[in-house]
Number of protein chains: 2
Amino acid sequence: MASRTKKDKEIVSSPVSMADLARELGVSMTTISRALSDHHSIGPATKLKVQKLAKKLNYQPNHLAAALRKGKSKLLGVVVPYIEGRFFPSVVHGIETVARKAGYSVVMCQSNEDAAQERHNIDTLLNAQVAGILVSLARTTNDFRHFDKVRRRGIPLVFFDRVMTGDDVNAVVLNDRAGAYQSTRHLLEQGCRRIAHFTGPQHLNIYQTRRQGYLDALQSYSIAPDEELIAYFDMSQEQGAEEMARLLALPNPPDAVFAAGDSSILGALQYLKSQGLRVPEDVALAGFSNEAFTSITEPMLTSVDQRCEEMGQAAVRLFLELVESKGTPFSQRQVVLQPELFVRGSSLHTPATGASPKKKAAVEQHS
Amino acid sequence: MASRTKKDKEIVSSPVSMADLARELGVSMTTISRALSDHHSIGPATKLKVQKLAKKLNYQPNHLAAALRKGKSKLLGVVVPYIEGRFFPSVVHGIETVARKAGYSVVMCQSNEDAAQERHNIDTLLNAQVAGILVSLARTTNDFRHFDKVRRRGIPLVFFDRVMTGDDVNAVVLNDRAGAYQSTRHLLEQGCRRIAHFTGPQHLNIYQTRRQGYLDALQSYSIAPDEELIAYFDMSQEQGAEEMARLLALPNPPDAVFAAGDSSILGALQYLKSQGLRVPEDVALAGFSNEAFTSITEPMLTSVDQRCEEMGQAAVRLFLELVESKGTPFSQRQVVLQPELFVRGSSLHTPATGASPKKKAAVEQHS
DNA sequence: TTGTAGGCGTTATCAC
DNA sequence: GTGATAACGCCTACAA
């Protein structure tokens, strides 16, 4: 009873191809191809007939073959260092929203902060014949040759958040320096004078620039930075607690900590509370990323919002621009998003309730 | 100076193919193909020559063409409803670990709890010519026809956590019923007698079975279930707070809540605290999933761990079994993992510190 | 040990 | 309007 196509011995029916449709209707494959892609040079009658049969036989176009033929696909690849937490999921969500509207599908891979896996991910995506790749670098990536492959193939490459150093890259980043400045400045305005800083590997733009913003703010108050107060580590919750312990043991301990990430400041908060110290009275705290848990802790954690959704959306728009302006190869673009400081209990010496954004909505600027 | 292959006009060099290597060395494509895949029937001399040239010209195999030819790839597709939080990222991590060892690459898509997007994701993965698909259903999926496509193509399909109803499916699930039973039973042992339940759409196995476990536990204490105490909603944090409010307004309010998810119980906790009620003294709370934030709240939240990593690993192993036993088509397998209750402050009438697992490690069982 | 040729499913180019 | 044919890059009988 079932419509039989090719080899009928198999239990799993092999997918029906254009050739099958052509045979069934007694027309050429060309006609089929055109009818399905709604080409103008096909009679409305045949068009309808073809599309009807396609539906009936449940024809599934093999985009892969099309991609092979055209050397192009409608697939967008995303590589992120990890997906836990709120930041990257939100960015990816932003990516999906814009990508879908433009007719692209999105697949993602995580590098687990490992350069080797990142390389492998890039290969995987290239092999899947993606039309473009959006990347946020792994923490351990300091060799960028695997991205040359991408460029050599002429595949648009856009970095976001954690970007490759060098100016010949397309990138969407937060104005990390401004965010860190705002946050540190806020701590200073609250009366803190000995502000410590948690940061990560300095080859990553985000940590380097946030550190710079921290230093900027100190300087604006004519405070000389104290290297002893700057902790370089993996920014994990556990290490955050340990570094907090180390800082408290100093002869002259800090009265505040500004961290370039939220997990580490959570660790610090937990350690402080375990020692019976009060936040923010004894030590004020501020983090970075505005992770979901910053509104759960007691007190809630002050943090810098990274405009995740916008970042994802901007990355796709950048990609789309690159696709369209394929003629002009070396027009590298940078999009800079403006951060937003969320002041919460952990940094307020005059306690307030809830979160209050300190800056207005982000502005995209091309540079 | 640069080795010129085909059209030299382009700035981006078109990727070098086997044909290019063959021409360059004056041998056939067969030789190239075999040399690169380390076939035994190729002389070590030619093999070396080929591989050297491949390196030099930076040859990148087009796995896509290979996949088209062979109808198979080493790509594994994963579809999850969302990636925020800890559960799905951990599962995916488990998947990647085992997949990588077996030589598979992993790409993932999120359905954002939307059936239409899930359908689209399946198409995307099929088009990318994946060797298999691992799925956890979107909350809104109640039509399963898009999975027929997958089966018709003979592509192994494994469900995890949120599985399709019906017994002809390959699936890895938690023993949700046992987890819910343990958790509710624990609340009963703490002296609670009027235990409310937060649950989601009952067409999803996880919510249905957890509800059943809850009822089982009540029955074991000869307590008649009260439908008024069972709240059906989207399990969000916001709704959790609202449902808590509704329950408190009852003439005979509950003294505990067991939720089939963590976000909803977090909402309940926050509402209770906002009303000046004490947890667990006034109302004891227990959730499900053991999300990371359960250890951050005050008090910490009791929850059922879902063995995320194991779940991902088991799903891939199941997939690998299916690949190997391709001959026997209808051998559907189910893997059931044992949950682990983490008792924390939110449910302990005799307060303890930290978390204490109540059950030992999970055991996989084939049924 | 190596080469020849056909085909995977689609689209582009030409001719009718 | 429609059809035949040749690619896209790779794999694999089969032949030599």
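Chain A is the first sequence line, chain B the second, and so forth, proteins listed ahead of strands; every chain is numbered from 1. Computation of the quantities below employed the complete heavy-atom set of this structure, encompassing side-chain atoms and omitting hydrogens, waters and symmetry-equivalent molecules.
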**OP:** Tell me, please, which residues at least two apart from A:D148 pass salt bridge (Lys or Arg N to Asp or Glu O under 4.0 Å).
**Re:** none

**OP:** Could you name each residue pair satisfying ring pair (Phe, Tyr, Trp, His ring centres under 6.0 Å) that touches residues 100-129 of chain A, not counting sequence neighbours?
**Re:** A:Y104-A:F319

**OP:** Could you check how far CG of A:N62 sits from P of C:dG7, rounded to whole Å?
**Re:** 18 Å

**OP:** Please list all pairs passing the ring pair (Phe, Tyr, Trp, His ring centres under 6.0 Å) test where one or both residues lie in residues 133-173 of chain B, with sequence neighbours left out.
**Re:** B:F147-B:F159

Subject >> Pair B:Q129-B:S73, side-chain donor/acceptor within less than 3.5 Å >> reply: no

**OP:** Calculate the interatomic distance between B:H39 atom NE2 and D:dA13 atom P; express it in whole Å.
**Re:** 10 Å

Original post:
So what does B:L68 touch, heavy atoms closer than 4.0 Å: a base, only the sugar-phosphate, or nothing?
Top reply: base

Original post:
Tell me: CG of A:L36 to P of C:dT10, nearest whole Å?
Top reply: 9 Å

Original post:
With sequence neighbours left out, what residues match B:R119 under salt bridge (Lys or Arg N to Asp or Glu O under 4.0 Å)?
Top reply: none

Subject >> A:L126 CG - D:dC10 P separation (whole Å) >> reply: 14 Å

Below 3.5 Å is the cut-off: list the nitrogen or oxygen pairs between protein and nucleotides 4-6 of chain D, distance only.
{"residue": "D:dA4", "atom": "N7", "partner": "A:T30", "partner atom": "OG1", "Å": "3.3"}
{"residue": "D:dA4", "atom": "N6", "partner": "A:T30", "partner atom": "OG1", "Å": "2.8"}

**OP:** Look at B:T31 and C:dG3 and indicate whether a side-chain polar atom (N or O) is within less than 4.0 Å of OP1 or OP2.
**Re:** yes

Original post:
Which angle, rounded to 10°, do you find between the first-five-pair axis and the last-five-pair axis of the helix from C:dT1-D:dA16 to C:dC16-D:dG1?
Top reply: 40°

**OP:** Quick one: which residue pairs count as a salt bridge (charged side-chain N to carboxylate O under 4.0 Å, His left out) with a foot in residues 45-55 of chain B, not counting sequence neighbours?
**Re:** B:D38-B:K47

**OP:** Measure the distance from CD on B:Q129 to C1' on C:dG9 and round it to the nearest whole Å.
**Re:** 10 Å

Original post:
Between A:D38 (CG) and C:dT11 (P), how many Å, whole number?
Top reply: 13 Å

**OP:** Classify the side-chain pair A:T31/A:S28 by whether it contains a donor and acceptor separated by less than 3.5 Å.
**Re:** yes

Original post:
A:D114: what forms a salt bridge (Lys or Arg N to Asp or Glu O under 4.0 Å) with it, not counting sequence neighbours?
Top reply: none

**OP:** Report the residue (A:H63 or B:K47) whose heavy-atom-nearest nucleotide on DNA chain C is the more 5′ of the two.
**Re:** B:K47

**OP:** Provide the full list of salt bridge (charged side-chain N to carboxylate O under 4.0 Å, His left out) pairs with a residue in residues 96-106 of chain B, sequence neighbours left out, each pair given once.
**Re:** none

**OP:** Assign A:T46 to base, sugar-phosphate, or nothing according to its heavy-atom contacts below 4.0 angstrom with the strands shown.
**Re:** sugar-phosphate

Subject >> Gap between atoms NE2 and C1', on B:H40 and C:dT2 respectively (whole Å) >> reply: 13 Å

Subject >> Atom pair distance, as rounded to whole Å: CG in B:L57 and P in D:dG9 >> reply: 15 Å

